[in-house]
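Note that this is a predicted model, so its numbers are computed, not measured. Residue numbers start from 1 in every chain, and the chains themselves are labelled A, B, ... in the order their sequence lines are given, proteins ahead of strands.
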Amino acid sequence: MSTKSSESDTETNIEAASPTNFIREIIDEDLRQGKNDGRVVTRFPPEPNGYLHIGHAKSICLNFGIARDYNGACNLRFDDTNPTKESTEYVQSIRDDVRWMGFEFEKREFYASNYFENLYSFAEVLIQKGLAYVDSLNAEEIRAFRGTLKEPGKESPDRNRSIEENLDLFRRMRAGEFKDGEYVLRAKIDMASPNMTMRDPTLYRIRHVEHHRTGDTWCIYPMYDFTHCLSDSLEGVTHSLCSLEFQDNRALYDWVVANADAPCRPQQIEFARLNLSYTVLSKRRLIQLVEEKLVNGWDDPRMPTLQGLRRRGYTPEAIREFCDRIGVAKADSMVDAALLDFCLREDLNDRAPRVMAVLRPLKVVIENYPEDQVDEFEMPYHPEDESMGKRVVPFSKVLYIEQDDFREDPPKKFFRLAPGKEVRLRYAYYITCTDVIKNGAGEVVELRCTYDPATKGGWSEDGRKVKGTLHWVSAAHAVKAEVRLYDKLFTKENPMDFDEGGDFKDFINPDSIEVLPECLLEPSLADTPPEAKVQFERLGYFCADTRDCKPGAPVFNRITTLRDTWARIERSQNKS
RNA sequence: UGGGGUGUCGCCAAGUCGGUAAGGCAACGGGUUUUGGUCCCGUCAUUCGAGGGUUCGAAUCCUUCCACCCCAGCCA
């Protein structure tokens, strides 16, 4: 349970209002001027053609966050106007993900496909006004007629078709009289516009395919630029927030809303989408990773998809905090993945129970400890939060410690175990290493130690200084487990930067996953439920895997490591 | 001289009427500590893409230039 932030001091009774940004300032000004009768309505409009990722989380937090803070509403609207790419499987996963992120949409779940009939009427309005026409040019011809960035386009021969003929043709398009591609409905705007999106954009195309929601009711489907603005208007959206690449489309957005006699005129505002270092967020690349089996599916714990992050052990709280901290602006940017990591640790530090697990076991025999004795130590689940309770951990003659915690020839500032050195076993006893046993290959396979019975609980009355404290696990009581260590998926900050040539796949981190099949856990972890998050003391935060974790046979994913100052010291020592 | 955008510390990002550069992450010091964790304390932009100009005074105004991003789907 979070023990964070008490009530805000004065007028704001809104919990956790997000920091301000240029969009909120626009809304504040609109409110001041009494626009939209003081209503604020936003929307999160995914196309159900893929899984949501952390970039979508930014948009979700922005839109739902504004609705929450302004006492408004945010609609979840599926922009499902291209049936060839969409499926109910995707809408289901999107609904799950938005809920998981902590946002509600029970009464505010919409589908562009529900507006097909309205949209069709709006199209007829445009035709009646002489602002849309049915064009028989094929796709290649339309492209050729469109002109280039620097040269104006040419008008289609069909551009001046009569209103009656346009209406007739459009109705027959709907009736299914034509084949795919035979005709399209276009807006009649300006083939010479310097804004490419205004050069008579396509409004409807013929597609004889089944739609995941409307079945075969329709064989013509509206395009984004026609659908989106009108859907916003139909829903009474006041502020339609989208990413930067739609800036040019805003002119068309306004044109359609104004000319189709839409019920209201929402305002489109663009912001920069999220880029995160050491990963990719474009749908195309993500699909590639999955299809080429460079990861194990959409919910691979290394994926930046919400499903992947969730399985990895990221919390919605951490992701929301991250989205609040990165801000919203119009400059293209690349956010440091370290910030996400920070938000994660900040959240997990408060909430994850502390437990002990040895990932790479090294056997330790306490020579002066009675053969069949077992001490039971009561250990708190959290050093700063008593409310999390305690559990009992058994201690016996044969233990395991981490291989990294012993050095036969310790470097400077290494204050873990070494021959002749004394360390503390957390909450247990002080032990001193008396002997090192090696195998034929010269590898250390076992340590012989003695313990000081007077240090029970892990402290000494004589005030003796012991710098190192190690985690441990009793051999006789340990639970075996598989633990998967994950690291960043790419070795390059921006895998999409090809200045030095290559492909983003060239930068995949070969060590992004390491599976340790024989880890040893303290017995309390035997039946960890899937998705539970804990801190393995001194190692990091770990999450019981949702797919593979079984009672009695736990499987853990490393969410992230703890800050490791020693690793840093050692690195700088090796340099000098 | 196609159009639309953006440029403030290594990474994000405030900076409302011009008044003398918030904050966070990262990094680096130090303290506390039975996690080399947490926590605490401190350091970290004479400078705002560059050059001119206006002004007592400019990141904010004017001007020239430079760099980067987006647009030629019957995708969204």
Side-chain angles (χ1 to χ4, degrees), chain A residues 19-21 25 29 45-47 49 79 81-82 84-85 135 137-139 142-144 146-153 180-186 192-199 201-207 220-221 223-225 227-228 242-251 270 272 277 283 322 324-343 345-346 349-350 354 356 379 382-384 413-416 424-428 430 455 457-459 466-471 493 535-540 561-570:
Chain A
T20 193
N21 55 54
E25 275 165 22
E29 181 58 26
E47 181 188 16
N49 70 342
D79 243 335
T81 58
N82 186 358
T84 57
K85 292 186 174 178
D135 198 344
L137 253 33
N138 65 36
I142 286 182
R143 194 193 322 124
R146 188 154 28 227
T148 68
L149 295 176
K150 298 195 175 186
E151 301 155 23
D180 286 10
E182 214 171 328
Y183 289 104
V184 291
L185 182 73
R186 291 231 259 168
S193 173
N195 180 347
M196 299 297 286
T197 79
M198 298 298 269
R199 318 244 266 227
T202 301
L203 267 22
Y204 270 88
R205 74 286 217 186
I206 300 171
R207 280 258 195 311
I220 56 172
Y221 293 94
M223 300 286 289
Y224 165 86
D225 283 305
T227 309
H228 200 91
C242 62
S243 41
L244 253 28
E245 66 268 29
F246 291 102
Q247 286 175 119
D248 288 343
N249 300 245
R250 189 176 59 239
E270 311 85 12
S277 62
K283 199 165 282 176
F322 171 74
D324 278 349
R325 281 177 184 253
I326 55 178
V328 178
K330 298 189 76 161
D332 294 308
S333 61
M334 165 84 64
V335 176
D336 192 339
L339 179 61
L340 215 209
D341 240 63
F342 169 84
C343 295
R345 291 194 181 109
E346 186 185 44
N349 180 50
D350 285 349
R354 271 57 169 173
M356 295 198 293
M379 314 196 342
H382 193 112
E384 282 103 37
K413 291 187 183 168
F414 182 87
F415 44 82
R416 277 115 97 144
R424 167 168 41 233
L425 292 182
R426 178 140 237 231
Y427 296 123
Y430 289 3
T455 59
W459 61 281
V466 173
K467 269 183 286 183
T469 299
L470 312 185
H471 60 278
E493 242 188 72
Q535 182 194 98
F536 289 169
E537 290 214 54
R538 303 209 302 132
L539 297 174
T561 59
L562 259 25
R563 265 188 76 214
D564 191 348
T565 310
W566 164 243
R568 205 163 299 174
I569 294 169
E570 199 179 23

Set out, line by line, the N/O atom pairs under 3.5 Å between protein and nucleotides 28-30 of chain B.
unit_1, atom_1, unit_2, atom_2, d
B:C28, OP2, A:Arg568, NH1, 3.2

Which protein N or O atoms sit under 3.5 Å from an N or O of nucleotides 22-25 of chain B?
unit_1, atom_1, unit_2, atom_2, d
B:G24, O3', A:Arg325, NH1, 3.4
B:G24, O2', A:Arg325, NH1, 2.4

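For the pair A:Arg250 CZ and B:C71 P, the computed distance is 16 Å after rounding to whole Å. The distance from atom CD of A:Glu270 to atom C1' of B:C71 is 13 Å, rounded to the nearest whole Å.
Checking B:U35, B:C75, B:G2 against every side-chain atom of A:Met223, the shortest atom distance belongs to B:C75. Listed nucleotides: B:G37, B:G5, B:C70. Nearest to the side chain of A:Asp248: B:C70. Distance from the side chain of A:Asn195 is smallest for B:G3 among the nucleotides B:C75, B:G15, B:G3. Proximity note for A:Ile142 (side chain, C-beta onward) versus B:G7, B:G37, B:C74: the nearest is B:C74. Here the nucleotide nearest the side chain of A:Ala331, chosen from B:C75, B:G15, B:G7, is B:G7.
Dense packing is recorded around NZ of A:Lys283, with more than 12 heavy atoms of other residues, nucleotides or ligands lying under 6.0 Å away.
B:G3 sits 26 Å from B:C61 when the C1' atoms are compared, rounded to a whole Å. As rounded to the nearest Å, B:A13 and B:C25 have P atoms that lie 16 Å from one another.
Checked by atom type, the side-chain pair A:Arg426/A:Thr469 shows no donor-acceptor distance below 3.5 Å.
Contact annotation: the side chain of A:Arg186 approaches that of A:Ile142 to within less than 4.5 Å [non-hydrogen atoms, C-beta and beyond].
Mapped onto RNA chain B by nearest heavy atom, A:Gly458 and A:Thr197 fall at different nucleotides, with A:Gly458 at the one closer to the 5' end. Closest-nucleotide positions on RNA chain B for A:Glu47 and A:Asn21 were compared, and the one nearer the 5' end corresponds to A:Asn21.
In this structure, CD in A:Glu270 is found 9.0 Å from CG in A:Asp248, a value given to the nearest 0.5 Å.
A donor-acceptor contact under 3.5 Å is formed by the side chain of A:Glu384 with the base of B:G37.
A:Phe536 comes within 4.0 angstrom of no nucleic acid atom, judged by non-hydrogen atoms across all strands. Residue A:Phe415 is in base contact, counting any heavy-atom pair closer than 4.0 Å across all strands shown.
The closest donor-acceptor contact from the side chain of A:Thr455 to the backbone of A:Tyr430 lies under 3.5 Å.
A glycosidic torsion no more than 90° from 0 defines the syn conformation; B:G24 lies beyond that range and is anti.
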